[in-house]
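Report on one structure; see the data block that follows.
Chain naming here is simple, since letters A, B, ... match the order of the sequence lines and numbering starts at 1 in each.
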Amino acid sequence: MTLQVFNRMTRQKEEFKPLTEGQVKMYVCGPTVYDHAHIGHAKTYVSFDVINRYLRYSGYRVRYVQNITDVGHLLDTGEDRILKKAGALSLEPMEIVETYTRSYFEDMDALGVRRPNISPRASGHVPEQIKMAQALIEAGYAYATDEGDVYFDVHSWPEYGKLSGQRLEELEGGARVEVAEGKRHPADFALWRHAEPEHLMKWDSPWGVGFPGWHIECSAMATKYLGETFDIHGGGLENRFPHNECEIAQAEALSGKPFANYWLLTGSLTVDGVKMSKSLGNFITVKDAIKTYRPEAIRLFILSSHYSNPVDFSEAALVSAQKGWERLMGAVQLTRYALRDAPEGDAGSGFQVAIDEHRQQFIEAMDDDFNAPQALGVLQNFTREVNTLLNSGEEVGRETLEAIDAVYRELGGDVLGIVPDEISEAGVDAARQDGLIQLLIEMRAQARSEKNFALSDLIRDRLADLGVILEDRPDGTVYKLQ
RNA sequence: GGCGACGUCGCCAAGUGGUAAGGCAGGAGUCUGCAAAACUCCCAUCACCGGUUCGAUCCCGGUCGUCGCCUCCA
């Protein structure tokens, strides 16, 4: 079976065929860097991270471009988000941009999100945006006003609204926005805005001093790095209208070609049933979430529902995800313990059938529009079988153990990013810590053999207080770090 | 009002025209010095009402409800 994806543009599941055999060009709308990222961002970017990872696992070469919006994204008051923040903190706008860009990558790194191949900034691509606006004017799709603003003329582009199913007539009726001076139609959107003298981020242009509109950066940068047509355009569903719609209009009006072949949009994250967003103030930052939960558990929580569905955040859901993750990791750890002094040879090779089966099921799930929740189910079923095997008392040879470990590393690690390569605490002397714990385990074993259970339980309890959990197995005692 | 989704076990969440994965929680066991972990067993007819069909949770229509977008948001 080949990869199928649900294309929001055509509203159906389609076979994925990249423009160039073996290569995928993907663009995902990135964040506006005026505040710390929240877990709503995490949902979108972890989702696309897994899509990126799975495409690579499937053998594709991927060029993944995700922009950083650092100019032009206005509040409904007309203020630039970044300028507003800069003014409030008496900082240069670019200090704000730098601070939150770093913060964003810090958070995504912590969540195990692989960095895009290119993270272009809007402010670094102003010439490209001006050029595109100019071309749109020349082609008759945009017009400049006396004030020095440039607007896209939505009526000149009959396909405007095709992604979201919006019709211009309906928009007119529902328009609550104050119509800017000089617009021919309320739905016309800005490609370029003139800057007032006190405005800090501004550039020269054929229409005077100003700054680019929000939507045009994505069209300009996606086209620059991926070409006039590329394979996948991603982002959050809430940006479908007007942002994605405007991107399409700008790019396709100029090129006459499809902007992107497949539109993959993620469902929003809600908190107590309400969308988490900066403007509502009900957001939980990634930095806060990581203080309480393992990054892998946060990933598992996000991957527990399909990327295109909305997901409701709750403490209970996170706890449940973390427990589920611990169950998986129990088997991973058991496998790696067994591997330490595994007998050579292919004992237990009958298990290879189960390995192949589950690997196949996992691939089938992911091939079906990146169905991570189902793939996780496969991994959990696999885990039950692994636990049964490793607790059976039968000899399991190195070959089989390595094959099991490979499943966890490749599917759980490389693809889903929830199984770390090494189970150890960062920043501590792992070897010394391990030695000390082993010493205590030996002392406790001695106490147990003398039936001194008071002492053996004391050792276990005191270690548990330190976050070291001991588990007695027929073949000895193992430990887990909490 | 318009556009787009969704409504599956206590919670989260996959899925299929032929009586429904998985995780969490819960109950009963096995194992254990006791635990923990693990394993076994138990735990849902899929919002409601019509229709199509031999048969629908999955297809169509309607009702109710929830959410997103239409205004900044990933």
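Proximity of K480(A) to the phosphate of A36(B): no side-chain N or O atom is located under 4.0 Å from OP1 or OP2. Phosphate contact (OP1/OP2 of G33(B), side-chain N/O of R444(A), threshold under 4.0 Å): absent. Contact annotation: T32(A) reaches the phosphate of A74(B) (side-chain N/O to OP1 or OP2, under 4.0 Å). Taking side-chain N and O atoms only, R327(A) has no distance below 4.0 Å to OP1 or OP2 of A37(B). Contact annotation: N387(A) reaches the phosphate of C39(B) (side-chain N/O to OP1 or OP2, under 4.0 Å). Applying the 4.0 Å criterion to OP1 and OP2 of A14(B), one finds that N309(A) has a side-chain N or O inside that range. One finds no side-chain N or O of N381(A) lying less than 4.0 angstrom from the OP1 or OP2 phosphate oxygen of A21(B).
Note on E159(A) versus K162(A): salt bridge recorded, some NZ/NE/NH1/NH2 to OD/OE distance being below 4.0 Å. For the pair D149(A) and K183(A), the salt-bridge criterion is not met [side-chain N within less than 4.0 Å of a carboxylate O]. The pair D107(A)-K287(A) counts as a salt bridge, with a side-chain nitrogen and a carboxylate oxygen less than 4.0 angstrom apart. Contact check on E98(A) versus R102(A) returns a salt bridge, with a Lys/Arg side-chain nitrogen under 4.0 Å from an Asp/Glu carboxylate oxygen.
Looking at heavy-atom distances under 4.0 Å, S47(A) makes no contact with the nucleic acid at all. Residue-level contact check: G30(A) touches the backbone only, with heavy atoms under 4.0 Å from sugar-phosphate atoms and none from bases. Within the nucleic acid shown, T266(A) has no heavy atom closer than 4.0 Å to any nucleic acid atom. Across all strands, H243(A) comes closer than 4.0 Å to no nucleic acid atom at all (heavy-atom distances). At a threshold of 4.0 angstrom between heavy atoms, the contacts of G330(A) with the nucleic acid are absent. Within the 4.0 angstrom heavy-atom criterion, no nucleotide atom of any strand lies near F301(A). As judged by a 4.0 angstrom heavy-atom cut-off over every strand, L390(A) is placed among residues making no nucleic acid contact.
Mapping T383(A) and G267(A) onto RNA chain B via the closest heavy atom, the residue that lands nearer the 5' end is T383(A). Map R460(A) and S314(A) each onto its nearest nucleotide of RNA chain B; the residue landing nearer the 5' end is S314(A).
When Watson-Crick and G-U wobble pairs are counted only if both distances are under 3.5 Å, A47(B) pairs with U63(B). Base pairing of G26(B): its partner is C42(B), meeting the Watson-Crick or G-U wobble criterion (both donor-acceptor distances under 3.5 Å). Figure legend. A21(B) is base-paired to no nucleotide; pairs are counted as Watson-Crick or G-U wobble with both atom distances under 3.5 Å. Of the nucleotides present, none pairs with U16(B) by Watson-Crick or G-U wobble criteria with both distances under 3.5 Å. Using Watson-Crick or G-U wobble geometry with both donor-acceptor distances under 3.5 Å, U71(B) finds no partner in any strand shown. For U52(B), there is no paired base (Watson-Crick or G-U wobble, both distances below 3.5 Å).
Taking atom P in both G10(B) and G26(B), one finds a spacing of 16 Å when rounded to whole Å. Only the C1' atoms considered, C58(B) is 13 Å distant from A14(B), to the nearest whole Å. To the nearest whole angstrom, the two P atoms, one in U52(B) and one in A13(B), are 34 Å apart. Rounded to a whole angstrom, the distance from the P atom of A21(B) to that of C43(B) is 12 Å. Taking atom P in both U45(B) and U19(B), one finds a spacing of 16 Å when rounded to whole Å. With both ends at atom C1', the span from G18(B) to C31(B) equals 41 Å, rounded to whole Å. C59(B) sits 15 Å from U8(B) when the P atoms are compared, rounded to a whole Å. Taking atom C1' in both C3(B) and C54(B), the straight-line distance is 39 Å, to the nearest Å.
When the P atom of C3(B) is taken as reference, atom CG of L237(A) falls 16 Å away, rounded to whole Å. If you take NZ of K43(A) and C1' of A13(B), they are 12 Å apart, rounded to a whole angstrom. Atoms CG (N371(A)) and P (G23(B)) sit 16 Å apart, rounded to a whole Å. The nearest whole Å value for the distance from the CG atom in L334(A) to the C1' atom in C39(B) is 12 Å. In this structure, N452(A) places its CG atom 17 Å from P of C34(B), rounding to the nearest Å. The CD-P distance, from E159(A) to C3(B), rounds to 20 Å in whole Å. Look at CG on L481(A): it is 15 Å from C1' on A36(B), rounded to the nearest Å. Rounded to an integer number of Å, the gap from CG of N244(A) to C1' of G4(B) is 13 Å.
Residue F453(A) and nucleotide G33(B) are classified as a stacked aromatic pair, their ring centres being separated by less than 5.5 Å at an interplanar angle below 30°.
Closest contact between the side chain of Q166(A) and the listed nucleotides G15(B), G2(B), A74(B) involves G2(B). Among the nucleotides G68(B), A36(B), G4(B), the one closest to the side chain of E471(A) is A36(B). Residue L269(A) has its side chain nearest to A74(B) when only A74(B), G22(B), A36(B) are considered. Comparing C39(B), A13(B), A74(B) by their nearest atom to the side chain of S305(A) picks out A13(B). Each of C24(B), A74(B), C34(B) was ranked by its minimum atom distance to the side chain of R448(A); first place goes to C34(B). Checking A74(B), G22(B), G15(B) against the side-chain heavy atoms of Q380(A) singles out G22(B) as nearest. When each of G15(B), A13(B), A74(B) is scored by its nearest atom to the side-chain atoms of V311(A), the top-ranked nucleotide is A13(B).
Taking the ring pair (Phe, Tyr, Trp, His ring centres under 6.0 Å) definition, one finds that Y225(A) meets it with H125(A), sequence neighbours left out.
Relative ring orientation between F189(A) and F152(A) is described as parallel, the plane-to-plane angle staying below 30° on a 0-90° scale split at 30° and 60°. Y408(A) and F382(A) have tilted rings, their planes meeting at an angle from 30° to 60° on a 0 to 90° scale. Ring geometry for H41(A) versus Y45(A): interplanar angle under 30°, hence parallel rather than tilted (30 to 60°). A tilted orientation is assigned to the rings of F259(A) and H233(A), their planes being inclined by 30° to 60°.
Side chain D472(A) to base C34(B): a donor-acceptor pair is found below 3.5 Å. Within 3.5 Å, a donor on the side chain of D457(A) pairs with an acceptor on the base of G33(B), or the reverse.
Proximity of the aromatic rings of F16(A) and Y262(A) is defined here by a centroid distance below 6.0 angstrom, and this criterion is met.
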